[in-house]
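Report on one structure; see the data block that follows.
The shown structure was predicted, so the numbers you read here are calculated from the model rather than taken from an experiment.
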Amino acid sequence: MNEETNQTIHISAWRTILSQADHRGKYFVLIVGFGAAAGLVQLLTSLLRMYIIDRFLSTMQLRGFLPIAVLFVLIQALYALASYGFGTGSGLLEAHLTADVREKCFRKLQTLSFSFFDKNAVGNILSRLTSDVGRTMEAVSWSLIDVGYGVMSIIGAIIGMFVINRKLAVILILVIPPLALISMGFRQLILKYNRATRRLNSQIISSFNEGITGAVASKTLVLEDQSYGEFRELTVSMRKASFRAAEVSALYMPVASLLISFSTAAVLYIGGTDVLRGLLTIGELNFFMNIGTMMFEPIRNFAAIFAEFQSAQAAAERVAEVLTAEPDVQDSPEVLARYGDVFHPKTENWEPVRGEITFEHVDFRYGAEPVLTDFNLHVLPGQTIALVGETGGGKSTIVNLLCRFYEPCAGRILVDGTDYRDRSQIWLHSALGYVLQTPHLFSGTIRDNIRYGNLEATDAEIRNAARLVGADRFIEKLEKGYNTEVGEGGSLLSTGQKQLISFARAILADPRIFVLDEATSSIDTETEQEIQAAIETLLGSRTSFVVAHRLSTIRNADRILVIDGGKILEQGNHRELMAKKGRYYELYMGYQTEDQIQQSVQVMA
Amino acid sequence: MNESNEKKQSFGALWGYTRGYRRYLALGFLLLLFELALSFISPLVLSVTIDSVLDTKPLNTPWYFAWIIQLCGGIGYIRQHLAIMAVLTVIMAALAGALSFVRPCLTGTAAFQISENLRNRFYSHVGRLPFSYLSATPTGDLIQRATSDIDTMQRFMSGVLLELLRTVFLLAVGFFIMASLNLPLTVLSFAMTPVIVLDSIWFIRRIDQIVERYEGAESKVYTVIQENLTGARVVRAFGSELFEQEKFVQHNETLRGEHIALNRTLVRLWFTLDLLSGIQIALITIAGVLFTVRGSITLGQYTAFLSYVMIFLFPVQNLGRVLGNVSRTGVAAGRLETLFREPEEDYVEGGLTPNLSGDIVLDHVSFSFGTERVLDDLCLTIHGGETVAILGGTGSGKTTLMYLLQRLYDPDSGTITIGGTDIRSMDKGHLRRRIGLIMQEPFLFSRSIRDNLRIQNRDAGDQAVENAARIANIHEDILSFDQGYDTLVGERGVTLSGGQKQRASIARTILGSHDILIFDDALSAVDTRTDQSIRRALRERQAGTTTILISHRISTLMEADRILVLEQGRLVEQGSHQELMQLPNGVYRRVYEIQTASVS
Ligand SMILES: Nc1ncnc2c1ncn2[C@@H]1O[C@H](COP(=O)(O)OP(=O)(O)OP(=O)(O)O)[C@@H](O)[C@H]1O
Ligand SMILES: Nc1ncnc2c1ncn2[C@@H]1O[C@H](COP(=O)(O)OP(=O)(O)OP(=O)(O)O)[C@@H](O)[C@H]1O
Ligand SMILES: [Mg+2]
């Protein structure tokens, strides 16, 4: 985040956020309107008091007081009504804005690509959607009252003062420019400290998040005390920064009131002298003494709003960053017009996916170091391609590119003969069944999780998918069967069970293109063997990519690619590659020759 | 536990949180009293000016202000020099200003310290909660407590608390000072106060309930967001953005509804407060006129009364907002306290710290999750220094067994001893430190690779780090990254490939020294060649270390001294490769045959 405070960023952050809620405009009008009404009523109270003092108290008689008294009561009731009006308005506005903006942010997050989540910690994004949004909207909604109220009281007060006594009016108004100036000075300072506290706040949330999600790792590594020590460094900085911010804000108010007291003093002196000369009534003097506070109250309020906005500013910027984040993988406007976006897919225009995949001179890098260079591959519909090779060679990267979770830096990838950038992402994703290397389940039941692959699936279909991958055996043994809760991220299941569920989930999606990225690495051999045939039938008619290290699972692939350093080192089917006695042969033998190993064990013993 | 009792407890807890900072709060409170006194004296300046400076009435003002007038040279002198009153106005403002600067600094010191302590306590406590509690609790819910509940607490300490006290004392001090001017009018000035307070209390009851519902809804929304973010890749892969959005919207709408209900009730409260205050203002304005005309008070005192009513009405009106906050704070404190009261894991600090290189013996160990029996009367021995491999079906309890060794869980029955010592009598920190467990699903922390590797041994030098990385066969990979060992690893290690993550977590563990090393399927994402070279390197380096290898790969299993085969929480076969191959229908033999089958 950018440290320099610069005017345009400020406004643009707010504009970005508020533009998400322009249909709530009526509340803005309502709140400001009622606020202004309240300001007017307050001014009337002062004027009426002036009238009461000069008319009844200076003359010490009560004739005609009754209607004035009734009027006074009415005005008070009006004030309460106005306050009900703006309170309701602000309350509604706050609730709606918070919900609206949170929804917009969430929606935006659904469109961001993998790279965004590579770079941004979950805790960091979470804090933007929760506390930052709340804080920003609170500031906007409740400050509006003060804006309406303040503007009205100031304008009203200025007009009233000039009508009653020009000289005293000028004295009171003289103090406004220096007050504004000082407010400006404080503004920069407060913003600076608040930025720091917001940043620390997000770091603290990230730490909480990591501390909680990584709790097992911390326990097994016995890091509790150490992480706690690191966390404490953060909270100490947080305390210091918060204190700085509070200190500066606390300094602002007294400085402002002192300034104001100068003008009140001047009014007392000059006005008092005028009273002695008979140029001013006591009621008028009282009016001016009070109008001073009445007018400066809103000005100080403005300063408070200012401070509030400044501290909310930092939060607003963080929210705006989410709203304006650009996904690295985007559909062009033409594509969107034709195929629709994730929320409004125009499925009627979608071409069916056959599953022919072509990589043409594809270069790819995540950061600076290239992962793939000039990668070429042609896969026919229905083929099963196995990717094997050393770890970090780029196997997952290839399948991620194919799924368009990332896009090539150079070259292109064709699906059914067309550059996939000429189709929408959701078109491709809807045809995908992807079992990720790290299985991730959502909290909910096993049934919910399998159904995630196809929300319309019936229970029979879900059971069938589970049976295909051999998950039914363990599920049916569970007391609650398919209704067993899996826990957050699937934490109540074993790793292999999670893999089976996420496999079943992919099968249920009935995809044209299957991607299995080490989908069975933690599944036991017998289960794997039992489901092998079923899986092969399943993959048979679909284009599939299988990444595996346990080579027994991919022996029957149509084509095996040995990937090393982002290049295809060898390719062919199992028999061809074995005959070649190259890298694949080595891997395969390393994997299983008992004789060699037995010999080496015996030698060592 | 009944509701009011719970509430009492949460405020008791709140009081407990202030321990150590009470003197700041007390001092802040003292200054507040001065501030209050000052704000009651200031209107007397105008009052006296009107009566005795601009008019010629004799000085009629409480003793303390009369004393101030005396200090300034007496009323006669002031009549000649009106400027003195003007200067007095400025002095009062300056004094009030100084106080209003120092006070927030004091209360801020306390509030920020308290919230720092709360955050620390929360973090430390959560880290020490039992594994079983943590795996069953949604992260989003914990995060919400850690953030918004603690924020509420901080706001309470830094502002709300004093505002509450201020209101109470304002009324007390105000009554005293006003009564010294005119008692009957003072009584009238306070006429509405009891009504206002009763009204607030009536509302607060209802607001309390709504706040609780609101917080519940908020925590659901946080959980949905958190899960969506952690599962973002799955969401993309299934193109289920729309579904996620709809799920979110559903919870968000509930929250919106609760938020509206909450604000609406608050506004109703404020409305009644404004109305009652309005009545109060009208009462004093009108009654004051009657009193003045009757000659009970002077014109100057009338203006002072008007100012006074305004001074205390504003906080009384605000009482609603403040009480709303207090109620929120009560709920938040209750939620924090519930968590804080959750018992921490017993670390057996000061327990035995024996050498763990002896035999590991499980004696009739059973363990269940709820009603699901995972380990069933398991008896087995792993000899010190031995390399044992464990083979077992998916969900057969291998990981759970390892967790029992580290005491992440404790067996329901049966005992586990290492070198003859029951692990329950050992210092848990020691036990876990001496057992290097490389988890099935590696978790890396978001920091540089070097710091990740050194996380358990912060003093390890670069040489040691590189050695460990070489053994885990990840040194070359790391060097190929732009920033080498300084490359930042994303949360949970997202920027590394699956195999790199596993090898990094191996390197992290072997950087330390251990009596027992456990690989829980920790090489599954690593190709066979690398797998083999890692095991070779380890064997040389960690000779004498008891090693437990959980794996599905025959090539890994067969190299072990002994192989244990688990099936549904029972030990069904054990022995060396050769021995197990003799069993005609053994699990091990079947697995072997499947994996070594050549293409015909
Ligand atoms: N999101 C990312 N950001 C930056 N670098 C990445 C990212 N994902 C992978 N890499 C790097 O790209 C290279 C290729 O990784 P990839 O995941 O494609 O390997 P792989 O062949 O699938 O390995 P494995 O068998 O271990 O899963 C690795 O060096 C890895 O560190
Ligand atoms: N926290 C938990 N709560 C409830 N049940 C659990 C929990 N963790 C694991 N289980 C269940 O306990 C059984 C054993 O799980 P465990 O993780 O020990 O299996 P595993 O042998 O390691 O399997 P895998 O080879 O798949 O890793 C499984 O049926 C699993 O569903
Ligand atoms: Mg396991």
Heavy-atom contact with chain B under 4.5 Å, split by part of [X]:
X	answer
A:Q497	both
A:I426	side chain
A:L221	both
A:F474	neither
A:K395	neither
A:I523	both
A:S430	neither
A:I52	side chain
A:V275	side chain
A:I204	side chain
A:S127	neither
A:E390	both
A:T397	neither

Between the side chains of A:N286 and B:T303, does any donor sit under 3.5 Å from an acceptor? no
Taking atom types as modelled, is there a side-chain donor on A:T495 or B:E441 under 3.5 Å from an acceptor on the other? yes
Go through the atoms of [X] and report whether side chain, backbone, both or neither lie under 4.5 Å from a heavy atom of chain A.
X	result
B:L275	both
B:I455	both
B:N120	both
B:R264	side chain
B:R103	neither
B:V221	side chain
B:S100	both
B:V249	side chain
B:Q456	both
B:I225	both
B:I260	both
B:D477	side chain
B:S480	backbone
B:M439	side chain

Which heavy atom of [X] sits nearest a heavy atom of [Y], and at what distance?
X	Y	result
B:L134	A:A215	CD1-CB, 3.4 Å
B:I286	A:A69	CD1-CB, 3.6 Å
A:L432	B:A237	CB-O, 3.9 Å
A:Q76	B:A282	CG-CB, 4.2 Å
B:T394	A:G496	CG2-C, 3.4 Å
B:F101	A:E247	CE1-O, 3.5 Å

To the nearest 0.5 angstrom, please state how far the [atom1] atom of [X] sits from the [atom2] atom of [Y].
X	Y	atom1	atom2	value
A:R505	B:S240	CZ	OG	8.5 Å
B:L255	A:T98	CG	OG1	8.0 Å
A:L126	B:L229	CG	CG	6.5 Å
B:L306	A:R49	CG	CZ	4.5 Å
A:L92	B:H259	CG	NE2	10.0 Å
B:E345	A:K219	CD	NZ	4.0 Å

Test item: A:S131 and B:T147 side chains (from C-beta on) under 4.5 Å apart, heavy atoms: no
Side chain to side chain contact (heavy atoms under 4.5 Å, CB included) between A:Y434 and B:R233: does it pass, once the steps are laid out? CA-CA 10 Å; A:Y434 190 168; B:R233 288 170 180 76; over 6 Å; no
Can you tell which of [options] has the highest number of heavy-atom pairs within less than 4.5 Å of chain A?
options	value
B:A146, B:S396, B:A93	B:A146
B:G257, B:G108, B:A232, B:P104	B:A232
B:S148, B:A94, B:G231	B:G231
B:M85, B:R128, B:E241	B:E241
B:T285, B:T223, B:V45	B:T285

Whether A:F208 and B:Y123 hold their rings parallel, tilted or perpendicular, with breakpoints at 30° and 60°: tilted
Taking only residues two or more places apart in sequence, or in another chain, which ones meet B:F271 in a ring-ring contact (aromatic ring centres under 6.0 Å, His included)? A:Y84
The criterion is ring-ring contact (aromatic ring centres under 6.0 Å, His included); which residues satisfy it with A:F442, sequence neighbours excluded? A:H440, A:Y452
Just by distance, do the side chain of A:Q529 and the backbone of B:I594 share a donor-acceptor pair under 3.5 Å? no
